[in-house]
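This is the structure I want to talk about, given as C-alpha cells.
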Amino acid sequence: METSHFQPELEHHAPLAAGQSVSPLTQLRFICNSPSMSSVFKLLTTSLLLWSFLSSSLLSSALLINPAPGSRSLLRDINGGGDQPDFAVDLNATNFDAVLKDTPATYAIVEFFANWCPACRNYKPQYEKVARLFNGAKAVHPGIILMTRVDCANKVNINLCDKFSISHYPSLFWGPPSKFVAGGWDGKKEKSEIRPIDDGRTADRLLKWINTQLGSSYGFEDEKYENDAFLHSNVSDPGQIARAVYDVEEATSIAFDIILEHKMIKPDTRATLIKFMQLMVAHHPSRRCRMGSADILVSFDDLYPSNMWSASKEEYDNGTRQGLQGKFDICGKEVPRGYWMFCRGSKNDTRGFSCGLWVLLHSLSVRVEDGESQMAFTTTCDFIHQFFICEECRQHFYNMCSRVSTPFSSTRDFVLWLWTAHNEVNKRLKKEEASLGTGDPKFPKKIWPSKRLCPTCYAAQNQNEESSSTDWDRDEVFKFLGNYYGKTLVSLYKKKDKELLSHTQIKTNAVSEDLIRSTNALVVPVGAALAIAVASCLFGALACFWRSQQKNRKPRRSWS
C-alpha cells in the first residue's frame, strides 16, 4: 500500500534571465582580452575568476542539495494540487533528523511508502484523515503526535529506508520523535522504543491503534480541545512544565506580532523594546528566541532609525511595511505554530497567550543575575505597560510595579515579587470569573504553587490552600521557582538538543554564542570551501599586485 509523493516545498534561487547580467565567462574573456593587462595581471585575474566561478557553482549546488533543516517550508501544509491540503509532513534524508528533533510532539508516526505504488496512493486519504486530528495549526489535538511520511522511491531516501528495514509499503512506525533521530529498526520488537504499527490499514483502525497506545478516546468528530487525555496533566504533573518552553516561544512570537500589527513602536516606546529584547538575548529559555532577538537587535537601527518619526505619516507607514517584511521572525520561521501545549485550556478562549506570557516572565526572572534584578524589574514593568494590549490588565500590572519603593538588589527579590504579583492577579481574576462565569472550569484561578507541587513551600503543613492568607516559606518558594522555571522548563530542550547550554553557560555565553551561530547554518562541501579559500588568497595576491602597479605608474615629482 502506498501514497503519492508530494515533494516538499523547497526554496530555490532562480537563474537570472538572459540579458539581465553578464556571465562570469563573458567577464573573463573581456578582462583577459584587454590590451592594458599585463601577462602576470591577466594570469592572476584569470585564476581568481575561475576559482570564484567554481566556488559559486559548488555553493549554489550545496544550497539546492542541502536546504536548511527545520525550515518553515517543511512544516507548513503542502498543497497537493487540490482543495484539501496535506496534513502529514513530508520528510526526506536531508531533514528527517532535524524535524523530528525539533518537534514539540510527544510521539511521532512515520509512514514509509513508494510513490509508484497504487495501493499507497489509495491509502493516503486514510492517513490524512488521522493526520488532520494531530497536525497543523487547526489540529483538534495538537502537540501530541507528529504524523510524517517518507518516500522510499526517492533515491535520496534509500539509506534512510534501509535503516528501518522496510520490506513492504506502506510501513508505519510509532515512537518518541527523539528515538527516530539517527535511529532505525532492525525488525526486532524487543528493547526498541520504535514500534511498527501492525494494524493501520484504514483511518478507523489506525485511530483505534493510537487510542489503545495512549489510553485515549479520540474520534474524528472531536471538537478542538475536547476529549483530550493529556489536557489535565499540565497542572497535576510537575514535569509538564518542560513542555511549556514551546508555549514560551509561541507567546514571544505572538507578543511581537501584536506589537507590529498595532504599530506600537514609537519614539517613547523604542528604548523599552530594545531593553526587553536585550533581556531576552541573554536569558530567554529558548535558544532560537535568543538568536532571533539578537538578529533583530543587530539590524534594529536600520529597521527603526531614531529619526524615522520625523518623516511624513505616509513615508513612515510605507517604510515600516517595507522594513518589517519578513524581519521579525523572533523565534524562527516555524513559530508561531498556532497551538498551545502546557498553556492549553479546556476551552479555546481560555489560558493560551496570557499563560504563555506569564511563563516567559517567570523564566526570565529566575535567570537574571543579582546585579541585573532592578533593570529586569523596570524593563518588565515598562514592557507590559507599553506593549500589553489589554488596557485594564496592563494598568493593574503597572500599579503593582508602582508600589515597589525599594530597588531590588538580588534575583531573589525580583523572582518573589513577580510570584507575589501573579498570585495577586489570580486572586482578583478568580472573583471576577466566578461572578461572570468566564473562567476555565478545568483550570480555575488559585493561589500557586499548590501543596502537591511544592509541599515545602508552606510553612505550616496543615494550612488550607484556599486560605485567604497563606504562611509561606519564602526561601523554599524561591528554590522551587528557580528549579521549576529554570532547569525543569528547559529539560525537554536539553534532552532533544545535546548542544543546548546549561543554565550557568547560558548566563555567560548566550550573547556571544547566539550572535555567532545561525539557526540555518549550511554545511558547505569540502570542494566549495577549498575553492572559496583559494579564491580569497588569489584575491589578496591580485590586490597586492594591483597596488604595486599603481605605485609604479605615479609620476615622479621634481624638487627644486
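From a predicted model like this one, the values you see are computed outputs, not experimental measurements.
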On a heavy-atom basis, the closest approach of Val248 and Pro285 is CG1-CG, 3.9 Å
Leu146 versus Tyr107: any side-chain heavy-atom pair under 4.5 Å?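 Answer no - side chains too far apart.
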Taking C-beta and beyond as the side chain, do Leu91 and Val89 meet within less than 4.5 Å on heavy atoms?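 The answer is yes; the side chains approach within 4.5 Å.
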Kindly say whether Tyr123 contributes a backbone atom to a donor-acceptor pair with the side chain of Arg201 at under 3.5 angstrom?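 Checked: no pair found.
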If you apply the rule side chain to side chain contact (heavy atoms under 4.5 Å, CB included), what do you find for Phe383 with Leu279, and how did you get there? CA-CA 11 Å; Phe383 179 80; Leu279 192 63; over 6 Å; no
Using a 4.5 Å cut-off on heavy atoms from C-beta on, say whether the side chain of Ile330 contacts that of Asp257.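 They are not in contact (no side-chain heavy atoms under 4.5 Å apart), so the answer is no.
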Backbone N or O of Asn483 within a donor-acceptor pair of the Thr488 side chain at under 3.5 Å?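 Yes, because the side chain of Thr488 sits within donor-acceptor range (under 3.5 Å) of the backbone of Asn483.
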Give the C-alpha distance, both sets of side-chain angles, the deciding distance and a yes or no for side-chain hydrogen bond (donor to acceptor under 3.5 Å, both in side chains) between Asn157 and Asn92. CA-CA 6 Å; Asn157 297 326; Asn92 56 54; 5.7 Å; no
Taking NZ, NE, NH1 and NH2 as the nitrogens, is one of them in Asp97 or Lys101 under 4.0 Å from a carboxylate oxygen of the other?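 Answer for the salt bridge query: no.
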Under the salt bridge (charged side-chain N to carboxylate O under 4.0 Å, His left out) test, residues paired with Asp301 that sit two or more places apart: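 Applying salt bridge (charged side-chain N to carboxylate O under 4.0 Å, His left out) to Asp301 gives Arg270.
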Any idea how His362 and Tyr485 line up, ring-wise: parallel (<30°), tilted (30 to 60°), or perpendicular (>60°)?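 His362 vs Tyr485 ring planes: parallel.
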Test ring pair (Phe, Tyr, Trp, His ring centres under 6.0 Å) applied to Phe388 - qualifying residues, sequence neighbours left out: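 Expected list: none.
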Looking at every non-hydrogen atom in both residues, tell me the closest pair between Gly219 and Leu207 and how far apart they are.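 Scanning both residues, the minimum pair turns out to be CA-CD2, 4.0 Å.
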Under a 3.5 Å distance rule, please check whether Asp86 uses its side chain to pair with a backbone N or O of Ala88 as donor and acceptor. no
Would you say His262's side chain and Met264's backbone share a donor-acceptor pair under 3.5 angstrom?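 No; zero donor-acceptor contacts below 3.5 Å.
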Begin from the C-alpha positions of Glu334 and Asp102 and carry the test side chain to side chain contact (heavy atoms under 4.5 Å, CB included) through to its verdict. CA-CA 10 Å; Glu334 67 273 22; Asp102 190 53; 3.9 Å; yes
Walk me through it: do Arg195 and Gln213 pass the test side chain to side chain contact (heavy atoms under 4.5 Å, CB included)? CA-CA 11 Å; Arg195 300 176 51 196; Gln213 303 306 309; 2.6 Å; yes
Any non-hydrogen side-chain atom of Ile109 less than 4.5 Å from a side-chain atom of Phe173? no
Any heavy-atom pair between the side chains of Ile145 and Thr106 that's under 4.5 Å? no
Any donor and acceptor pair, going by atom type alone, linking the side chain of Ser253 with main-chain N or O of Glu249 inside 3.5 Å? no
Of all residues at least two apart in sequence or in a different chain, which pass the salt bridge (charged side-chain N to carboxylate O under 4.0 Å, His left out) check with Lys179?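 Checked Lys179 against salt bridge (charged side-chain N to carboxylate O under 4.0 Å, His left out); matches are Glu193.
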Got Lys124 and Arg149 here, is their nearest side-chain heavy-atom distance under 4.5 Å? yes
Just jot down the salt bridge (charged side-chain N to carboxylate O under 4.0 Å, His left out) partners of Asp199, sequence neighbours excluded, or say none. Arg205
Taking the basic N atoms (NZ, or NE/NH1/NH2) and the acidic carboxylate oxygens, is any pair closer than 4.0 Å for Arg290 and Asp295? no
Any side-chain heavy-atom pair of Met147 and Leu206 under 4.5 Å: yes
Could you list the residues that satisfy side chain to side chain donor-acceptor pair (under 3.5 Å) with Glu372, not counting sequence neighbours? His283
Looking only at heavy atoms, what is the nearest atom pair of Asp440 and Gly345, with distance? OD2-CA, 3.3 Å
For Trp209, check ring pair (Phe, Tyr, Trp, His ring centres under 6.0 Å) against everything at least two apart and list the hits.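 With neighbours one apart ignored, the set is Trp174.
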Given side chains that start at C-beta, do those of Glu111 and Val150 come closer than 4.5 Å, heavy atoms only? no
Looking only at the side chains, is there a donor atom on one of Ser217 and Asn211 sitting less than 3.5 Å from an acceptor on the other? no
Whether Ser171 side chain and His168 backbone form a donor-acceptor pair below 3.5 Å: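 At least one qualifying donor-acceptor pair exists.
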Kindly state whether the ring of Tyr169 and the ring of Phe112 have centres lying under 6.0 angstrom apart.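 Between Phe112 and Tyr169, which both carry aromatic rings, the centre distance is not below 6.0 Å.
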Does Arg337 count as lying over the ring of Tyr246, i.e. NZ or CZ under 6.0 Å from the six-ring centre, within 45 degrees of the axis?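 That pair does not qualify as a cation-pi contact.
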